[in-house]
Engineer: 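Please read through the structure below; I'll follow up with questions.
Everything numeric in this text was worked out from a predicted model, so none of it was measured. Each chain gets a letter, A, B and so on, in the order the sequences are listed, and its residues count up from 1.
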2 protein chains.
Amino acid sequence: MVTINDVAKEANVSASTVSRVLNNTGTISQLTTNTVIRAVKKLGYEPNVLARNFRKKRTRTILILTPNMTNPFYSNVISGICDLSRDMNYSSFVCNTTDETEQIKKTLDMLYKHKADGAILLASEKGQFWISDYADEFPIIQCCEYDPDLEISHVSIDNYHAAVETVRYLIALGHKKIGTISSTNKYLSTDNRLKGYKDALHEAGLESTDRFVSFAGKDYNYQSGCRAAEKLLAQSDRPTALFCISDVLAMGAVNTAKIMGLRIPEDLSIVGFDDVEQTSMFTPKITTVAQPCYSLGQKAAELLCKNLEQNESIPLETILPYRMIVRESTGPRP
Amino acid sequence: MVTINDVAKEANVSASTVSRVLNNTGTISQLTTNTVIRAVKKLGYEPNVLARNFRKKRTRTILILTPNMTNPFYSNVISGICDLSRDMNYSSFVCNTTDETEQIKKTLDMLYKHKADGAILLASEKGQFWISDYADEFPIIQCCEYDPDLEISHVSIDNYHAAVETVRYLIALGHKKIGTISSTNKYLSTDNRLKGYKDALHEAGLESTDRFVSFAGKDYNYQSGCRAAEKLLAQSDRPTALFCISDVLAMGAVNTAKIMGLRIPEDLSIVGFDDVEQTSMFTPKITTVAQPCYSLGQKAAELLCKNLEQNESIPLETILPYRMIVRESTGPRP
DNA sequence: AAGGACAATGCAAACGATTGCACAAGAACT
DNA sequence: AGTTCTTGTGCAATCGTTTGCATTGTCCTT
């Protein structure tokens with residue numbers, strides 16, 4: 001293995017000079033710089049990352065904490081983080097935490113142990129104040145979900161207005177009885193989407209009744225979407241449109257509706273959220289609010305890496321645009 | 001930060017002794033061992049990973065190379081790898097390579113740079129002989145896909161027999177005209193599933209004609225599944241059953257069939273492969289061959305870690321069981 | 001012309017662990 | 001009793017970089 005000393009010898013300078021050339025630190029004459037670079041190339045020298053990390057107490061590694069990387073929404077975000085951090089010459093270490101506090105803490109402790117330089121949290125439930133202990137010492141970014149009561153940087157979309165806009169759209173189609181499928185999880189987005197839904201109804205002078213609000217379990221999955229939809233649609237005076245806070249829930253709702261003999265969108269309009277790939281494989285293709293998953297991840301990674309690299313400060317809030325995609329599951333009021 | 005020397009001082013021994021106690025190397029008396037352990041606990045000493053890695057030229061990190069982590073099949077495998085390697089105190093670094101040779105090489109070069117100790121390749125196309133150059137020097141495992149011409153350890157299922165069994169099942173249902181949707185990609189599994197399909201037909205004395213074989217693009221996606229199915233079903237003398245080499249292709253086929261006015265399974269039986277979550281959200285729920293994605297990942301990670309840890313040798317071949325799941329998309333010949 | 005400022009470089013000490021070698025003390029053998 | 005083995009421990013070198021400080025030479029200022 002060729003070391004910095006070999007290069008130094010070849011270039012007739014000291015190891016420190018080589019180091020300074022390679023790190024762009026200190027003042028080195030153009031002439032020497034050239035000589036060193038030539039020597040580096042000639043010997044095919046590559047700095048030993050292990051030694052460098054050790055000396056600098058840095059690893060060029062970032063942590064990605066996700067409840068579950070199997071979820072297509074998260075896997076897209078993670079993809080964005082991985083790709084960008086790779087381009088910045090950072091490694092990314094993905095960790096499934098299943099939202100368990102102990103697991104999250106254990107993973108974040110890697111920061112203390114110098115196994116990683118910073119972290120991106122994909123989904124923090126609200127009220128986890130202890131996260132600040134880490135964020136005070138290390139750069140941490142919350143991506144997608146975040147806690148507004150914590151002074152930690154986050155990258156997200158405007159869930160409130162996305163919900164408002166969606167429900168307005170349903171209202172514009174003539175719907176008067178609009179239901180929603182929410183969730184019992186503790187994410188901010190869930191609250192904001194519910195609030196947006198209610199405000200949009202209110203703004204249009206429509207009643208917002210508990211009868212039209214159904215909560216899927218915190219696991220958010222297909223089955224719970226089916227059940228939640230059933231509760232709403234079994235009522236004699238049922239909604240004619242459903243705003244679901246995730247696509248998977250929407251798929252469950254579509255399924256339940258079909259089983260109950262309702263045609264979509266003729267009898268019932270359904271809209272989802274996220275725009276995971278499967279929504280367009282479904283029949284009917286589901287109208288949804290697209291989140292820029294990949295970009296959310298990229299942006300978070302970019303902010304984090306730049307902070308680590310040049311100590312550039314991370315803005316407290318970064319909001320990316322959402323986009324409503326009208327497909328086949330919504331139509332005028334029956 | 002408390003170092004090994006602090007512990008040594010506290011325990012009135014030398015740093016080497018502390019090191020030996022912690023690494024279980026050399027011979028240390030029970031008495032000293034206890035003293036050291038007490039000192040470690042008292043000071044809350046944690047070995048500096050960076051220094052240790054540097055000295056040992058190891059990182060306790062494994063590389064995961066995937067064409068695309070967004071694919072639900074891979075994300076499940078990756079999940080298995082991540083979870084198991086975390087339990088073994090290894091970090092895992094996921095990298096999207098989009099099957100590009102240059103990207104794969106660049107990632108594997110991290111092994112040379114001591115940024116990782118071993119690697120798991122999720123999907124290698126056949127004929128990439130240069131991979132052996134890496135495998136000769138570092139532990140590498142191919143998971144799911146592999147090249148039989150390379151002497152590299154792999155963890156997989158028996159794709160050939162899975163295909164045979166599936167087609168036999170369709171034959172048992174009375175089908176005589178059975179088509180398949182394959183792909184133009186260069187994966188071994190694709191070849192084996194096609195071969196299994198043909199052999200099963202042959203074994204039953206049924207003709208296997210090119211008219212009934214359609215190839216989706218190498219991207220494997222929903223759209224290409226739709227197109228491939230259309231080619232098969234547009235024929236006047238069309239198949240009554242389709243064996244698709246992936247669930248996503250099967251979903252495309254279902255969709256196309258519906259559009260063409262065919263009822264499933266009354267007019268056409270369709271079976272997929274993989275058992276990704278969405279198959280059961282689809283109407284009808286799709287009959288498929290389940291691969292133990294998560295376990296495949298776990299197994300590969302376990303073998304790799306154990307090899308790194310205790311130099312335990314990795315068997316050339318590890319085959320995990322598949323399982324056919326009959327759901328709603330298959331029925332007797334119309 | 002003297003002094004100061006500055007640019008360019010080298011020396012050597014870190015960083016925190018691991019490990020080959022040496023050595024002491026006691027045990028076991030002849 | 002003398003030799004050899006074994007066991008337990010410490011010393012000091014080492015891994016490959018980075019970096020604080022010292023040094024040299026050059027140029028500018030007054």
Engineer: Are any side-chain N or O atoms of Glu125(B) and backbone N or O atoms of Asn185(B), one a donor and one an acceptor, separated by less than 3.5 Å?
Structural biologist: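 Answer holds: no.
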Engineer: Starting from C1' on dT18(D), measure out to CG on Asn24(A) and report it in whole angstrom.
Structural biologist: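 Distance check: Asn24(A) CG to dT18(D) C1' gives 15 Å.
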Engineer: Which whole-number value in Å describes the distance from Asn34(A) CG to dA8(C) P?
Structural biologist: 13 Å
Engineer: What is the separation between atom CG on Leu31(B) and atom P on dG8(D), rounded to the nearest whole Å?
Structural biologist: 11 Å
Engineer: Check this one for me: any side-chain N or O of Lys57(A) less than 4.0 Å away from OP1 or OP2 of dT18(D)?
Structural biologist: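 No, because none of the side-chain N or O atoms of Lys57(A) sits under 4.0 Å from OP1 or OP2 of dT18(D).
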Engineer: In terms of side-chain heavy atoms of Tyr45(A), which of dC11(D), dT17(D), dA17(C) is nearest?
Structural biologist: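 Taking heavy atoms from C-beta onward, the closest nucleotide is dT17(D).
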Engineer: From CD of Gln30(A) over to P of dA7(C), roughly how many Å is that when rounded to an integer?
Structural biologist: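 One finds 15 Å between P of dA7(C) and CD of Gln30(A), rounded.
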Engineer: Just checking, is any N or O donor in the side chain of Asn12(A) or Thr35(A) under 3.5 Å from an acceptor N or O on the other one?
Structural biologist: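 Short answer, no.
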Engineer: Met1(B) has a side chain; which of dC15(D), dA17(C), dG16(C) sits nearest to it?
Structural biologist: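 The answer is dG16(C), which lies nearest to the side chain.
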Engineer: Thr32(A) near the nucleic acid: base, sugar-phosphate alone, or nothing, with a heavy-atom cut-off under 4.0 Å?
Structural biologist: sugar-phosphate
Engineer: Under 3.5 Å, is there a donor on one side chain and an acceptor on the other for Tyr187(A) and Asp99(A)?
Structural biologist: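 Present: a donor and an acceptor within the cut-off.
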Engineer: Give a yes or no on whether the backbone of Val276(A) and the side-chain of Asp274(A) come within a donor-acceptor separation of less than 3.5 Å.
Structural biologist: no
Engineer: For the side chain of Asn23(B), starting at C-beta, report the closest nucleotide among dG16(D), dT18(C), dT9(C).
Structural biologist: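 My answer, after comparing the listed nucleotides, is dT18(C).
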Engineer: Checking Ser14(B) against Thr17(B): is there a side-chain donor and acceptor pair closer than 3.5 Å?
Structural biologist: yes
Engineer: Can you tell me how far C1' of dT19(D) sits from CZ of Phe54(A), to the nearest Å?
Structural biologist: 14 Å
Engineer: Answer with base, sugar-phosphate or nothing: what part of the nucleic acid does Thr3(B) contact at a heavy-atom distance below 4.0 Å?
Structural biologist: sugar-phosphate
Engineer: Could you check how far CD1 of Ile28(B) sits from P of dT7(D), rounded to whole Å?
Structural biologist: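 Checked: the CD1 to P distance equals 13 Å.
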Engineer: How is Thr17(B) classified with respect to the nucleic acid when contacts are heavy atoms under 4.0 Å: base, sugar-phosphate, or nothing?
Structural biologist: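 It contacts sugar-phosphate atoms only.
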Engineer: Under a 4.0 Å N-O cut-off, is there an ion pair linking Glu309(A) with Arg60(A)?
Structural biologist: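 A salt bridge is present here (some side-chain N lies under 4.0 Å from a carboxylate O).
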Engineer: From dG10(D), dA12(C), dA17(C), pick the nucleotide closest to the side chain of Ser16(A)?
Structural biologist: dA12(C)
Engineer: Could you work out which one of dC21(D), dG10(D), dT9(D) sits closest to the side chain of Thr27(B)?
Structural biologist: dT9(D)
Engineer: Among dG16(D), dT18(C), dT9(C), which is the nearest nucleotide to the side chain of Ala51(A)?
Structural biologist: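 Shortest atom-to-atom distance from the side chain points to dG16(D).
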Engineer: At 4.0 Å (heavy atoms only), tell me whether Asn53(A) reaches a base, stays on the sugar-phosphate, or touches nothing.
Structural biologist: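 No contact at all - Asn53(A) keeps every heavy atom at 4.0 Å or more from the nucleic acid.
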Engineer: Could you state the CG-P distance from Asn5(A) to dT17(D), rounded to the nearest angstrom?
Structural biologist: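 Checked: the CG to P distance equals 8 Å.
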Engineer: Take the protein atom NZ of Lys56(A) and the nucleotide atom C1' of dG16(D), then report the distance between them rounded to whole Å.
Structural biologist: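 Those two atoms, NZ and C1', are 13 Å apart.
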Engineer: Measure from the side-chain heavy atoms of Ser14(A) and tell me the nearest of dA8(C), dT9(D), dG10(C).
Structural biologist: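 The closest nucleotide is dG10(C).
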Engineer: Classify Arg52(A) by what it touches in the nucleic acid, base, sugar-phosphate, or nothing, heavy-atom distance under 4.0 Å.
Structural biologist: sugar-phosphate
Engineer: Where the side chain of Val13(B) is concerned, which of dG8(D), dT18(C), dG10(D) is the nearest nucleotide?
Structural biologist: dG10(D)
Engineer: Can you identify which nucleotide, out of dA13(D), dA8(C), dG20(D), has its nearest atom closest to the Arg55(B) side chain?
Structural biologist: dA13(D)
